[in-house]
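Since this is a predicted model, take the numbers as computed values, not measurements.
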Amino acid sequence: MVISAFGWGRVGHATVAKIAEDHLTPTTQKAIAEILNGHSIVEYASFADEYKNKPILAWNYGIKFNDAKTVQAFPHTFEANMDFQPFRGVNDNGRFVKNCIPFIVDFSEQLKDYKSMEDTARFVKLVMVVHWLGDMHCPEHIRYNPEDMTIGYYNVTYKGAPLRYHTFWDDQCITDRWPWGFSELAYLWDRATEEEIAEIVKGDPYDWGYDSAKCSWPIHSIKEGDTIKGDWLLEQKALVSSQITNAGYRLAHLLNCTFDKKYAKKHSK
């Protein structure tokens, strides 16, 4: 199977999932083990990319826009305006907005009743949520309407050769700077205190989208044909690690709120 890099690539998505897994409550761990037949969310963190072209959106929703053909792929990006507010929903006067956030909200809500769902449906919805939480924190998975809707689908020069800018943010921004595996990266980056994590997870996925869009906007100053230089790379280290860790903490929080009623009640105040 040919696997393309979307979002953070394998290492990035696995790191997000590992950080999240280390912050799950026992009740949440038990529910996830039941859905995934004892497997880890880390193992399925890139499932959504491996099966990206399957028509699972049509299978679940059958959405049509302007009498066009049915949308047949889940969006792995989200759209925000220039005030960094994410678009809510997927229908902009007949235009399909490639927006993963409403699906994160929808699927996580449905999973609260996972015991009544078919095995395949609950599996797909869980692994998609795991993946999308990572994707929405990737700086080139945000479409800024109207200033920059490209999500980096153009070439820049990196290490003396042309490279799609989107691909740089999928993979090279991590693996070229930190040449280790996901478990080592999770160990290195999962250093926030309980108080800091509580601040990071405040709000809902739309609030997290706002935060992600705002802090990621500066990297969109790199335009087609530009050269990525060493000093600029060093400046992005903090953004990469914070976006990965924030995604991990927020994923854990969302899953705990989904599967652990006591946790959800405690954090609803």
Residues 223-230 side chain polar contacts: donor-acceptor under 3.5 Å, at least two apart:
unit_1: Lys223; atom_1: NZ; unit_2: His220; atom_2: O; d: 2.9
unit_1: Asp226; atom_1: OD2; unit_2: Lys223; atom_2: N; d: 2.8

Hey, could you give me each pair passing salt bridge (charged side-chain N to carboxylate O under 4.0 Å, His left out) that has a residue in residues 243-254? Not counting sequence neighbours. Asp211-Arg250
Given a cutoff of under 4.5 Å between side-chain heavy atoms of I, L, V, M, F, W and Y, with clusters grown through shared members, what are the other residues clustered with Phe182? Val42
Without hydrogens or angle criteria, can the side chains of Tyr263 and His253 be said to hold a donor-acceptor pair below 3.5 Å? yes
Identify, with sequence neighbours excluded, every residue that meets side chain to side chain donor-acceptor pair (under 3.5 Å) alongside Asn246. none
Mutual orientation of the aromatic rings belonging to Tyr154 and Tyr165 [parallel < 30°, tilted 30-60°, perpendicular > 60°]: parallel
Verify whether one side chain among Glu79 and Asn99 offers a donor that lies under 3.5 Å from an acceptor in the other. no
Residue pairs passing the salt bridge (charged side-chain N to carboxylate O under 4.0 Å, His left out) test with at least one member in residues 137-161, sequence neighbours excluded, are Lys159-Asp176
Run the side chain to side chain contact (heavy atoms under 4.5 Å, CB included) test against Lys202 and tell me which residues pass, sequence neighbours left out. Glu199
Any pair counted as salt bridge (charged side-chain N to carboxylate O under 4.0 Å, His left out), so long as it reaches residues 14-30, sequence neighbours left out: Lys18-Asp22
Taking side chain to side chain contact (heavy atoms under 4.5 Å, CB included) as the test, write out the residues that go with Ser183, two or more places apart. none
Heavy-atom pair of closest approach, residues Ala264 and Cys257: CB-O, 3.5 Å
Just checking, is any N or O donor in the side chain of Thr28 or Thr25 under 3.5 Å from an acceptor N or O on the other one? yes
Please list, chain by chain and in numerical order, all residues satisfying side chain to side chain donor-acceptor pair (under 3.5 Å) with Asn37, sequence neighbours excluded. none
Listed partners of Arg177 passing side chain to side chain contact (heavy atoms under 4.5 Å, CB included), at least two apart: Leu233, Leu234, Lys237
Going by side chain to side chain donor-acceptor pair (under 3.5 Å), name the residues that satisfy it together with Tyr114, two or more places apart in sequence or in a different chain. Glu34
Once the angle between the rings of Phe74 and Trp132 is folded into 0 to 90°, is it parallel (under 30°), tilted (30 to 60°) or perpendicular (over 60°)? perpendicular
Only counting residues at least two apart or in another chain, list the ones meeting side chain to side chain contact (heavy atoms under 4.5 Å, CB included) with Thr193. Glu195, Glu196
